[in-house]
Amino acid sequence: MTSPGQEERTESPEDIRRDEEEAARVEELHYGNVNEFVTDRLAYLLPPPALGSGRVWCPEWYRHPQALSRLDAMWRAWEMLRFDSALGMSNWWLHHADPHWRALTDPVTGPFAHCAGGHRNADPLPLATPPDGLFYDQRRSQARDPFSLD
């Protein structure tokens with residue numbers, strides 16, 4: 001029996017299964033990869049740094065690991081948020097495009113900081129080798145308690 005204002009559901013188990021599968025299905029990508037996204041969309045959405053702004057862009061962005069990672073994150077977020085017609089693009093701009101663009105073009109700490117006169121590879125972080133036994137491969141199934149201090 002239904003309450004006033006409610007309709008009786010007539011969905012079959014097959015209808016419900018199909019709806020759940022469609023909801024769980026990853027939406028089809030608009031762009032095949034991050035390069036397509038950068039060259040077809042981002043290049044037109046975000047202006048190159050203005051002269052005198054101090055901001056830096058490198059046309060060889062794909063040669064900078066941080067830039068590639070950030071641009072890939074921007075692309076993947078755009079792919080998902082484009083389906084939200086209410087707030088998707090606003091969220092993309094506020095939480096993805098704007099902060100990543102500021103970080104990418106930062107003249108001091110951004111990945112292109114040394115590319116003002118043309119592409120130049122950045123040096124990796126200096127690293128010391130940690131003592132043996134300090135880390136273990138967490139991909140392997142081990143019955144270790146991650147919170148144990150032993």
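Cluster annotation: Leu94 and Met80 are assigned to distinct hydrophobic clusters (Ile/Leu/Val/Met/Phe/Trp/Tyr, side-chain heavy-atom contacts under 4.5 Å, transitive).
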Given side chain to side chain contact (heavy atoms under 4.5 Å, CB included), test Leu81 with His96 step by step and report yes or no. CA-CA 10 Å; Leu81 291 169; His96 302 279; 3.8 Å; yes

With side chain to side chain contact (heavy atoms under 4.5 Å, CB included) as the test, would you mind laying out the steps for Phe37 and Leu42 before giving the verdict? CA-CA 6 Å; Phe37 173 72; Leu42 201 65; 4.1 Å; yes

Chi angles and distances behind the side chain to side chain contact (heavy atoms under 4.5 Å, CB included) call for His30, Trp78: CA-CA 10 Å; His30 184 78; Trp78 182 89; 3.9 Å; yes

Please determine whether side chain to side chain contact (heavy atoms under 4.5 Å, CB included) holds for the pair Trp61 and Asn35, giving the CA-CA distance in whole Å, both sets of side-chain angles, and the decisive distance to 0.1 Å. CA-CA 10 Å; Trp61 58 269; Asn35 183 56; 3.4 Å; yes

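Here the closest non-hydrogen pair linking Pro111 and Ala103 is CD-O, 3.7 Å. Taking every heavy atom of both residues into account, Val56 and Ala116 meet most closely at CG1-N, 4.0 Å. Closest approach of Gly54 to Pro107, counting heavy atoms only: O-CB, 2.8 Å.
Remark: the backbone N or O of Tyr31 is paired with a side-chain donor or acceptor of Glu79 at under 3.5 angstrom. Between the side chain of Arg55 and the backbone N or O of Arg102 there is at least one donor-acceptor pair closer than 3.5 Å. Distance alone, capped at 3.5 Å, is enough to place a donor-acceptor pair between the Trp92 side chain and the Met74 backbone.
Here CZ of Arg63 is found 12.5 Å from CZ of Arg120. Values are rounded to the nearest 0.5 Å. Rounded to the nearest 0.5 Å, atoms CZ (Arg41) and OG1 (Thr39) are 11.0 Å apart. Between Cys58 atom SG and Leu104 atom CG the span is 11.0 Å, to the nearest 0.5 Å.
Applying the ring pair (Phe, Tyr, Trp, His ring centres under 6.0 Å) rule to His64 yields the partners Phe112, His119; only residues at least two apart in sequence or on another chain are considered. Partners of Asn91 by side chain to side chain donor-acceptor pair (under 3.5 Å), not counting sequence neighbours: none found.
Between Trp57 and Trp101, a ring centre-to-centre spacing shorter than 6.0 Å is recorded.
For Leu134, the CG atom is densely surrounded, since the number of other residues' heavy atoms within 6.0 Å is greater than 12.
Counting heavy atoms from C-beta outward, Leu71 and Tyr62 have side chains that stay 4.5 Å or more apart.
Here Arg76 pairs with Asp72 in a salt bridge; the nearest charged N to carboxylate O distance falls below 4.0 Å.
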